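For reference, the structure is listed below as C-alpha cells.
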Number of protein chains: 2
Amino acid sequence: MKHINIKDLALELNLSVSTVSKALNDSYEISEETKNRVLETAARLNYVPNPYASSLRGRKSKNIGVVIPEVADSFFSLAINGIESVAKTKGYHVLICLTHESFENERTILKEFQGGRVDGVLLSVSTETTQCDHINDLIANGLPLVFFDRACDEVETAKITTDDFESAYKATTHLIQQKADRIAFLSISKSLSISNKRLEGYLKALEDHDIKADQKYIIDCSNDAEQNYLLIKKLLQQKNKPNGIIASVEKLTTPIYTACKDLEMKVPEELKIVCFSNLEIATILNPSLTTITQPAFEMGKMAATLLFKALENRNFSLVKEDFMIQSALVVRDSSG
Amino acid sequence: MKHINIKDLALELNLSVSTVSKALNDSYEISEETKNRVLETAARLNYVPNPYASSLRGRKSKNIGVVIPEVADSFFSLAINGIESVAKTKGYHVLICLTHESFENERTILKEFQGGRVDGVLLSVSTETTQCDHINDLIANGLPLVFFDRACDEVETAKITTDDFESAYKATTHLIQQKADRIAFLSISKSLSISNKRLEGYLKALEDHDIKADQKYIIDCSNDAEQNYLLIKKLLQQKNKPNGIIASVEKLTTPIYTACKDLEMKVPEELKIVCFSNLEIATILNPSLTTITQPAFEMGKMAATLLFKALENRNFSLVKEDFMIQSALVVRDSSG
DNA sequence: ATGAAAGCGCTAACAG
DNA sequence: CTGTTAGCGCTTTCAT
C-alpha cells in the first residue's frame, strides 16, 4: 500500500489540491457537497495527513514536549496521564523526554526542542539544575513553557506546584503531635526549589514547637538507592537516633522500610514515618504508610491546559500564571 | 531571539544554502575549512535544524511511537526507560501514546501514525484488542513495528515476549510445593495472548500435579480497581476458598492485599500469593511479595534495538524475529 | 569545492 | 465556490 497524499486525493477527485485541503479543513469556502465527496474519498483511500508538512507550512508540529526526570515514579506517571488527557482533546501528541536527573541531558533536550520539534514544553527540572539559561533560551525562542512540580523560581513563566512548605509543615507537626521529638528530614537536592521549601516547612514546624533543629537529622540523599539505604541505616543507628522521619521523595520509601526491617526497628512505636509519595501501594505496606500525596493527575492536567491556552492565543502571557495546589496529608499506621 | 534557519546561516557565511547543508551533514564534498566555519557559526548563532523539514524531504521524522496501555505501571515505565536508552543513542525521540486498554484508542493512534508522525512503532496491545487489522494496515503502509510483552500472534513481525507459560507454570508449581492445593488464577483478559499463556501454564501445572482445575478459581478481572477488589473478596469468602493465588498482572496486588487485610486472612499461612509484578516495593510489603519479575528494561531495549535495525536497513525483515526472554520467579515471604 | 534549483506535503494568499 | 501559485526549511541531484 503506497502512502497516499493530498495530491493523489486531488487527482482522484478531479479537484485542485487547494480545494481538497480546504475541504479537509472544513473551510467555509467549500460547498457541502464537495466536502462530503472529499471526506468520503479520503476515508476510502485511507488518507492520513502528514502533520509535519502542515507544521512546516507555519503551523504547529502538534507535539508537546514533556521533560521529566523519570517515568518510573508514580507522581510523574500520573502527571503524564493528566497531560495526555488534555493533549488528546487538542489533537496533540506527547513527546516524553527523560533527564534521569542530569542537567546535561536536560539542556540537550531543550536545545533540540528549539528546532521546532515541539510547539510547547512542560518541564519538571532535574535535581542537578541550578541555573536556568537553557530554559530562558527556549522561552526567548518563542516556545511556551510551563513548569509543574519542580520549577525554577528565576524563570518567569507559569508554574503548577503544590504547597510544599505547608505540607512539610503539616507533616512535621503531625509527627510532633504523635510525640516524636527527634525528627529526621531526608532531602534529595540542595538546589531544587521544592526540596528546599519542604525543608523550610520542616524547620519552621520544629521552631514553632520549640524543637531545636539538628544538622545530623538532615540528610542529603542521592540518586543511588543502595547509597541511600546505607545513609538511612547509619542515621537510624546513631546515638540519639530519630524517632520520626520525613522523606521528601517517594523513592526513599523502600530504603527506609528496608532499613527498619533490617535493624528491627518497630514502626510506628520506635520510628514514625511520613513520605511524600503518590504510591497507591502505601495502603498495603505494613504498617501502612502515612503520605503527603500530591494531586499528580490534576497538576499534569492544569499544566497542560495552561500550555494550550498559550498555544492557542499568542497574546496570553504565561508570566504570573502560578498555581499552587494543595497536597493531602493522608495519615495511616506508620505515624500512628 | 528570532529562530534561525539554514538560509540565515548561509547569508551570514556568504555561502549557498546547499553548501551549508552539506557542511552540516559532514559531506565529503565540502572542505574541512568550510565545514569548520559553518559549524562554528551555527553554534554561535544557536542554529538548531528543524527535524520536520528534513523529514519532509524524504528522510525520517526521528520519532518512534511507543503505544502502551498505561504508564503508571512499573513494567511499562521500566520498559520505556529501556526504549529511551537506545532511542537516545540513535538521536531519536520517543512519542508515548496511551491506549488506556481501549481498542478504539489503539486503532486511532496507529491510524494517525500512518501520516508520517513516526518512523516506527513499538506496541503492547490493549486488553480489548482481539483483531489486528489496524496493525497489519500500519505495517502494510511501510511502518516497521515491534511488539513487546503483549503481542498479537496473527501479526507477522518481531515480538519480544517473556516465557509466560513457563513462568506461570513455575509459579503454580511453587505454590503446590508449598502445600497449596486450591490455587486461584486472576486473569485480565480472555483475548490477550500473554494472559492466556499464563493461564495455560497454570492449568498445565495443576494437571501435572494431579490437581483438578476448577472454574470458580479462575477469575476475570477488569480495569476497575474497586470492582477487582470485590471480586477477590468474594473469591476469598466462598466455601472451599483458595489457599493459593496467582495474579497475572501487577495492578491486582493492592486489591489482593487489601482483601486479605480486611478479611483478616493470614498470608502465607492461609493464603499464599504470587504476582506477576515489577514493583520494586514488593520487598517491603508485609509479608514481602513473591513475584514473577519480567526483565522490563531489557525487553524495551531489545524491542527498540530491533526496530532500529529495521529502520537502518530496509532489507532487514522483522518477520520471524521473535525473542522470548526469561522472567524470574523471586520467592519471598508471601508464598513461604 | 561550491551553487542553483527542484521538490518533500501541505496551507494560504490571491485570482478567477 | 474553485484553482493557481508561492513557500515553510531542508536535502539532493545536477551543474559549474
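Numbered from 1 within each chain, the chains take letters A, B, ... in sequence-line order. Quantities reported herein were computed from a predicted structural model and do not represent experimental measurements.
- Donor-acceptor pairing under 3.5 Å, judged by distance alone, is absent between the side chain of A:Lys7 and the base of C:dG7.
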**Prompt:** Passes side-chain contact (heavy atoms from CB on, under 4.5 Å), A:Ile6 versus A:Ser21? Steps please.
**Reply:** CA-CA 7 Å; A:Ile6 205 171; A:Ser21 170; 3.6 Å; yes

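- Checked by atom type and distance alone, the side chain of A:Glu106 never pairs as donor or acceptor with a backbone atom of A:Thr99 at under 3.5 Å.
- Here D:dT11 is the nucleotide among C:dT2, C:dG9, D:dT11 with the atom lying nearest to any side-chain atom of B:Val17.
- In the set D:dC10, C:dC10, C:dA12, the nucleotide with an atom closest to the side chain of A:Pro49 is C:dC10.
- Each of B:Ala53 and A:Tyr28 was assigned the nucleotide of DNA chain D with the nearest heavy atom; the assignment lying further toward the 5' end belongs to A:Tyr28.
- Nearest nucleotide to the A:Leu56 side chain, out of D:dG7, C:dG9, D:dT2: C:dG9.
- Donor-acceptor pairing under 3.5 Å, judged by distance alone, is present between the side chain of B:Ser18 and the base of C:dA4.
- Atoms NZ (A:Lys62) and C1' (C:dG9) sit 17 Å apart, rounded to a whole Å.
- Partner of A:Val66 under the side chain to side chain contact (heavy atoms under 4.5 Å, CB included) criterion, chosen from A:Val121, A:Val94, A:Val71: A:Val94.
- Of the candidate nucleotides C:dG3, C:dA12, C:dG9, C:dA12 has the atom lying nearest to any side-chain atom of A:Lys22.
- In this model, the phosphate group of D:dC1 is not approached by any side-chain N or O of A:Thr34 to a distance below 4.0 Å at OP1 or OP2.
- Classified by interplanar angle (parallel below 30°, tilted 30° to 60°, perpendicular above 60°), the ring pair B:Phe113/A:His93 is tilted.
- C:dG9 atom C1' lies 16 Å from atom CD of B:Gln114, rounded to whole Å.
- Between B:Thr19 and C:dT2 there is no side-chain N or O to OP1 or OP2 distance below 4.0 Å.
- Close to C:dC8, at under 4.0 Å from its OP1 or OP2, lies no side-chain N or O of B:Ser55.
- Atom CD of A:Glu29 and atom C1' of C:dG16 are 12 Å apart (whole Å).
- A:Ile4 has its CD1 atom 15 Å from the P atom of C:dC8, to the nearest Å.
- No donor-acceptor pair closer than 3.5 Å links the side chain of B:Ser124 to the backbone N or O of B:Asp149.
- Closest to the A:Asn25 side chain, of the nucleotides C:dT11, D:dC10, D:dT2, is C:dT11.
- One can place CG of B:Asn36 at 12 Å from P of C:dT2, the figure rounded to the nearest angstrom.
- Summarising the geometry, the separation between OH on B:Tyr52 and P on C:dG9 is reported as 17 Å, rounded to the nearest angstrom.
- The distance from atom CZ of B:Arg57 to atom C1' of D:dT12 is 5 Å, rounded to the nearest whole Å.
- Listed for the B:Asn313 side chain is no donor-acceptor partner under 3.5 Å among the backbone atoms of B:Lys309.
- Here the C1' atom of nucleotide C:dC10 and the CZ atom of B:Arg117 are 14 Å apart, to the nearest Å.
- Here B:Ser21 lies in heavy-atom contact (under 4.0 Å) with a base.
- Among D:dC1, D:dT11, C:dA12, the nucleotide with an atom closest to any side-chain atom of A:Ser31 is D:dC1.
- Comparing C:dA12, C:dT2, D:dC10 by their closest approach to the side chain of B:Tyr47 singles out D:dC10.
- Within the structure, a side-chain polar atom (N or O) of A:Asn5 is placed less than 4.0 Å from OP1 or OP2 of C:dG9.
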